[in-house]
There are 2 protein chains.
Amino acid sequence: MTDLTYQRPIPALLTDVKNAAVGRLFARMGDAGFGDVREGHGCVFGFIDMEHGSRLTDLAEASGFTKQSVGEAVAELERLGYLERRACPDDGRAKIIHLTDRGREAALTGRRIFAEIEAEWAEEVGAEAVAAMRAAAERIAELEGSGR
Amino acid sequence: MTDLTYQRPIPALLTDVKNAAVGRLFARMGDAGFGDVREGHGCVFGFIDMEHGSRLTDLAEASGFTKQSVGEAVAELERLGYLERRACPDDGRAKIIHLTDRGREAALTGRRIFAEIEAEWAEEVGAEAVAAMRAAAERIAELEGSGR
DNA sequence: CAGTTTGGTCAGGTAGCTTGACTTCTTGGT
DNA sequence: ACCAAGAAGTCAAGCTACCTGACCAAACTG
């Protein structure tokens, strides 16, 4: 703290900010009546096609997790009433994962809360700063992602 | 990707950027001959007093992990030759954790690599953008940290 | 209509943390 | 001077969120 030349390591810094966001998110999800949604469910809520549903494989591909991991999240969310799995009419192997009404409500609530969090950060440290952080992060993530 | 109104969730975004940094860090640590250093060792390297050493409890406090977790990292790093635990002259319960020469070398190498990574990002997306990202992240982390 | 690929599931394993219980030593009140 | 309370560190056990590997059934491919 007293060493002016010391730069906080970037992973620790980003993790702190992430945890701050996650903490706020789930606190408010709980307040909104979605206390049973966990962080690991993000691979579903974050990537599912809210209109037409998605396949497990596509959620796995998009989220970067394995089919098994996403499958477990889906199974739990189905048990909790956020999802339904329906047979795919075009492919006897596949199932289409659909949000239920409650699931749609939860997904929209989550998005709303994320927007709120960024808005609050904007009040606290300046809108330009938050926008700049997001923009830089998006560009870096994109660059690194394409290099994989 | 095609939905222009969709904002990538901030935790996923920050995690991607963090993982990009971590990936580069450990690849280069390996190249530099420190292939046995793992991410979990950051709670030591990131917070240890390089001159006078640190106590386990202080590392735990500073890093935000439990004493047990930090203790395990310290034990492993001691086995690997990066640290030494010496009895504390002022307190018979405590031990002072010191970096060995090799440990100091590793710590400095890590810091150098972090600086390199940010410099590379600066080339790719602009120095102002990276600086803005860091500045915003630091302010947010500080605000959230103080509210705990 | 065989051979390969793909969607999804089942089983088992592991890394990286946690909480809880404990020992040893220090500290502060009386 | 003593004893209660607290702090430093360790041991044991457990949990969570992932992973890899093996597999089945259905679908494409020639």
Side-chain angles (χ1 to χ4, degrees), chain A residues 11-12 15-16 18-19 22-23 25-26 35-49 52-80 83-98 148, chain B residues 11-12 15-16 18-19 22-23 26 35-49 52-80 83-98:
Chain A
T15 299
D16 280 356
K18 186 210 107 180
N19 286 341
V22 168
L25 171 67
F26 289 103
D36 48 9
V37 174
R38 293 180 302 102
E39 188 174 350
H41 298 149
C43 61
V44 178
F45 284 122
F47 299 95
I48 194 168
D49 183 324
H52 310 98
S54 302
R55 294 186 181 196
L56 181 64
T57 300
D58 294 333
L59 293 180
E61 165 79 28
S63 66
F65 295 104
T66 60
K67 290 188 292 177
Q68 291 90 326
S69 294
V70 178
E72 205 186 320
V74 167
E76 190 173 350
L77 287 172
E78 188 172 33
R79 239 186 350 91
L80 294 171
L83 300 176
E84 274 175 17
R85 267 186 283 209
R86 302 187 202 140
C88 176
D90 307 334
D91 187 335
R93 297 167 301 180
K95 297 170 186 174
I96 308 291
I97 299 159
H98 291 271
R148 257 174 227 152
Chain B
T15 299
D16 281 356
K18 186 210 106 181
N19 286 340
V22 167
F26 289 103
D36 49 8
V37 175
R38 295 180 302 101
E39 188 174 351
H41 298 149
C43 61
V44 178
F45 284 122
F47 299 95
I48 195 169
D49 183 324
H52 310 98
S54 302
R55 295 188 182 194
L56 181 63
T57 300
D58 294 334
L59 292 180
E61 164 79 26
S63 67
F65 294 103
T66 60
K67 291 189 293 178
Q68 292 90 326
S69 293
V70 179
E72 204 186 321
V74 167
E76 190 173 350
L77 287 172
E78 187 173 34
R79 240 188 347 94
L80 294 170
L83 300 177
E84 275 175 17
R85 266 186 283 207
R86 302 187 204 141
C88 177
D90 307 333
D91 187 335
R93 297 167 301 180
K95 298 169 185 175
I96 309 291
I97 299 159
H98 291 271

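All chains are named by letter (A, B, ...) in the order of the sequence lines, taking the proteins before the strands, and each is independently numbered beginning at 1.
Side-chain N/O atoms of B:Lys67 and base N/O atoms of D:dG9 include a donor-acceptor pair closer than 3.5 Å.
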For each nucleotide in nucleotides 18-30 of chain D, reading 5' to 3', give B when a protein heavy atom comes within less than 4.0 Å of its base, S when such contact involves only the sugar-phosphate, and - otherwise.
SBBB---BBS---
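Applying the side chain to side chain donor-acceptor pair (under 3.5 Å) rule to pairs touching residues 86-98 of chain B yields B:Glu84-B:Arg86, B:Arg86-B:His98, B:Asp91-B:Arg93, sequence neighbours excluded. For residues 57-69 of chain B, no pair satisfies salt bridge (Lys or Arg N to Asp or Glu O under 4.0 Å), with sequence neighbours left out.
Residues passing the side-chain hydrogen bond (donor to acceptor under 3.5 Å, both in side chains) test with B:Glu78 are B:Arg85, sequence neighbours excluded. Checked against side-chain contact (heavy atoms from CB on, under 4.5 Å), B:Phe65 has the following partners two or more places apart in sequence or in another chain: B:Cys43, B:Ser63, B:Ser69, B:Val70. With sequence neighbours excluded, no residue forms a salt bridge (charged side-chain N to carboxylate O under 4.0 Å, His left out) with B:Glu72.
The two residues A:Ile96 and A:His52 make their nearest non-hydrogen contact at CG2-O, 3.6 Å.
A donor-acceptor pair under 3.5 Å is formed between the side chain of A:Ser54 and the backbone N or O of A:Asp49.
We find the CG-NZ distance between A:Asp16 and B:Lys18 to be 11.0 Å, quoted to the nearest 0.5 Å.
Put simply, B:Arg85 has a side-chain N or O that comes within less than 4.0 Å of OP1 or OP2 on D:dT10.
Close approach of DNA chain C to chain A, defined as any atom under 4.0 Å from a non-hydrogen atom of the protein, starts and stops at C:dT6 to C:dC10.
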